[in-house]
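Below is one structure, written out as C-alpha coordinates; the observations come after it.
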Amino acid sequence: RGQGPYDGKLLIARDLRERVTFTEANLMQQLPEIGLFDVIFLRNVMIYFDMDMKRRVATALYRQLKPGGWLFVGHSESLNGVSDSFRQVRPTIYRREGK
(Lines give C-alpha, C1' and ligand atoms only; values in the text may rest on other atoms or scores of the structure.)
Protein backbone atom coordinates (compact mmCIF):
# COMPACT_ATOMS: atom_id res chain seq x y z
CA ARG A 1 0.00 0.00 0.00
CA GLY A 2 1.22 3.44 -0.90
CA GLN A 3 2.11 6.08 1.61
CA GLY A 4 2.41 9.84 1.34
CA PRO A 5 1.81 10.95 -2.27
CA TYR A 6 1.04 7.30 -3.15
CA ASP A 7 -1.64 6.93 -0.46
CA GLY A 8 -4.62 4.98 -1.78
CA LYS A 9 -2.57 3.27 -4.48
CA LEU A 10 -1.15 -0.23 -4.70
CA LEU A 11 2.13 -1.47 -6.14
CA ILE A 12 2.01 -4.73 -8.06
CA ALA A 13 4.91 -7.12 -7.48
CA ARG A 14 7.65 -6.71 -10.10
CA ASP A 15 7.55 -10.37 -11.25
CA LEU A 16 3.82 -10.03 -11.96
CA ARG A 17 4.20 -6.61 -13.66
CA GLU A 18 6.81 -8.07 -16.00
CA ARG A 19 4.35 -10.74 -17.16
CA VAL A 20 1.62 -8.28 -18.15
CA THR A 21 1.33 -6.74 -21.61
CA PHE A 22 -1.24 -4.17 -22.65
CA THR A 23 -2.31 -3.98 -26.26
CA GLU A 24 -5.29 -2.68 -28.21
CA ALA A 25 -7.60 -5.01 -30.09
CA ASN A 26 -10.50 -3.98 -32.31
CA LEU A 27 -13.20 -6.63 -31.99
CA MET A 28 -14.59 -5.67 -35.38
CA GLN A 29 -11.33 -6.70 -37.04
CA GLN A 30 -9.22 -9.83 -36.89
CA LEU A 31 -7.72 -10.14 -33.42
CA PRO A 32 -3.94 -9.85 -33.11
CA GLU A 33 -1.88 -12.97 -32.48
CA ILE A 34 -1.33 -12.39 -28.77
CA GLY A 35 -1.69 -15.93 -27.45
CA LEU A 36 -4.34 -17.91 -25.63
CA PHE A 37 -6.06 -16.79 -22.46
CA ASP A 38 -7.34 -18.53 -19.35
CA VAL A 39 -9.92 -15.77 -18.80
CA ILE A 40 -11.46 -13.07 -20.99
CA PHE A 41 -13.57 -10.28 -19.50
CA LEU A 42 -15.85 -8.76 -22.15
CA ARG A 43 -18.32 -6.87 -20.03
CA ASN A 44 -20.96 -4.61 -21.58
CA VAL A 45 -19.51 -4.75 -25.09
CA MET A 46 -21.68 -7.23 -27.00
CA ILE A 47 -24.82 -5.13 -26.40
CA TYR A 48 -23.54 -2.67 -29.02
CA PHE A 49 -23.23 -5.26 -31.82
CA ASP A 50 -25.83 -6.71 -34.16
CA MET A 51 -26.35 -10.48 -34.14
CA ASP A 52 -23.92 -11.17 -36.99
CA MET A 53 -21.15 -9.22 -35.28
CA LYS A 54 -21.89 -10.91 -31.93
CA ARG A 55 -21.43 -14.28 -33.60
CA ARG A 56 -18.14 -13.22 -35.20
CA VAL A 57 -16.83 -11.86 -31.88
CA ALA A 58 -17.90 -15.00 -29.99
CA THR A 59 -16.11 -17.20 -32.54
CA ALA A 60 -12.95 -15.07 -32.34
CA LEU A 61 -12.97 -15.13 -28.53
CA TYR A 62 -13.52 -18.88 -28.49
CA ARG A 63 -10.34 -19.27 -30.53
CA GLN A 64 -8.43 -17.03 -28.09
CA LEU A 65 -9.45 -19.06 -25.01
CA LYS A 66 -7.52 -22.06 -23.79
CA PRO A 67 -9.59 -25.23 -23.40
CA GLY A 68 -11.27 -24.89 -20.02
CA GLY A 69 -10.99 -21.08 -20.26
CA TRP A 70 -13.59 -18.67 -18.92
CA LEU A 71 -15.52 -15.86 -20.65
CA PHE A 72 -17.28 -13.24 -18.52
CA VAL A 73 -19.88 -10.97 -20.13
CA GLY A 74 -21.99 -8.14 -18.69
CA HIS A 75 -25.18 -8.66 -16.72
CA SER A 76 -27.29 -7.37 -19.61
CA GLU A 77 -25.59 -9.75 -22.07
CA SER A 78 -25.96 -13.38 -23.03
CA LEU A 79 -24.57 -15.78 -25.61
CA ASN A 80 -27.96 -17.50 -25.98
CA GLY A 81 -28.66 -17.64 -29.69
CA VAL A 82 -25.20 -16.23 -30.39
CA SER A 83 -22.91 -19.21 -29.87
CA ASP A 84 -23.30 -22.80 -28.76
CA SER A 85 -19.52 -23.27 -28.50
CA PHE A 86 -19.45 -22.16 -24.87
CA ARG A 87 -21.05 -23.87 -21.89
CA GLN A 88 -22.98 -21.48 -19.67
CA VAL A 89 -21.91 -21.84 -16.04
CA ARG A 90 -23.90 -18.93 -14.60
CA PRO A 91 -25.96 -16.18 -16.26
CA THR A 92 -22.87 -14.11 -17.25
CA ILE A 93 -20.17 -16.77 -17.06
CA TYR A 94 -19.29 -19.10 -19.91
CA ARG A 95 -16.61 -21.74 -20.31
CA ARG A 96 -14.83 -23.32 -23.23
CA GLU A 97 -14.94 -27.08 -22.77
CA GLY A 98 -11.75 -29.09 -22.34
CA LYS A 99 -8.76 -29.17 -20.04
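Everything quoted here is computed from the prediction, not taken from an experiment.
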Any donor-acceptor pair under 3.5 Å from [X] side chain to [Y] backbone:
X   : Y   : value
Q3  : Y6  : no
Y94 : F72 : no
S83 : L79 : no
R95 : G68 : yes

Output side-chain donor-acceptor pairs under 3.5 Å for residues 25-48, partner residues at least two apart or in another chain, one line each.
unit_1	atom_1	unit_2	atom_2	d
N26	OD1	M28	N	2.9
R43	NH1	V73	O	3.2

For residues 13-26, the salt bridge (charged side-chain N to carboxylate O under 4.0 Å, His left out) pairs (sequence neighbours left out) are none

Is it true that atom [atom1] of [X] has more than 12 heavy atoms of other residues, nucleotides or ligands lying nearer than 6.0 Å?
X   : atom1 : answer
E97 : CD    : yes
D50 : CG    : yes
R63 : CZ    : no

Quick one: CH2 on W70 to CG on L65, what's the gap to the nearest 0.5 Å? 11.0 Å

Transitive ILVMFWY side-chain link M53 to M51, under 4.5 Å: yes

Pair T92, E77 - check side chain to side chain contact (heavy atoms under 4.5 Å, CB included), show working. CA-CA 7 Å; T92 62; E77 300 171 313; over 6 Å; no

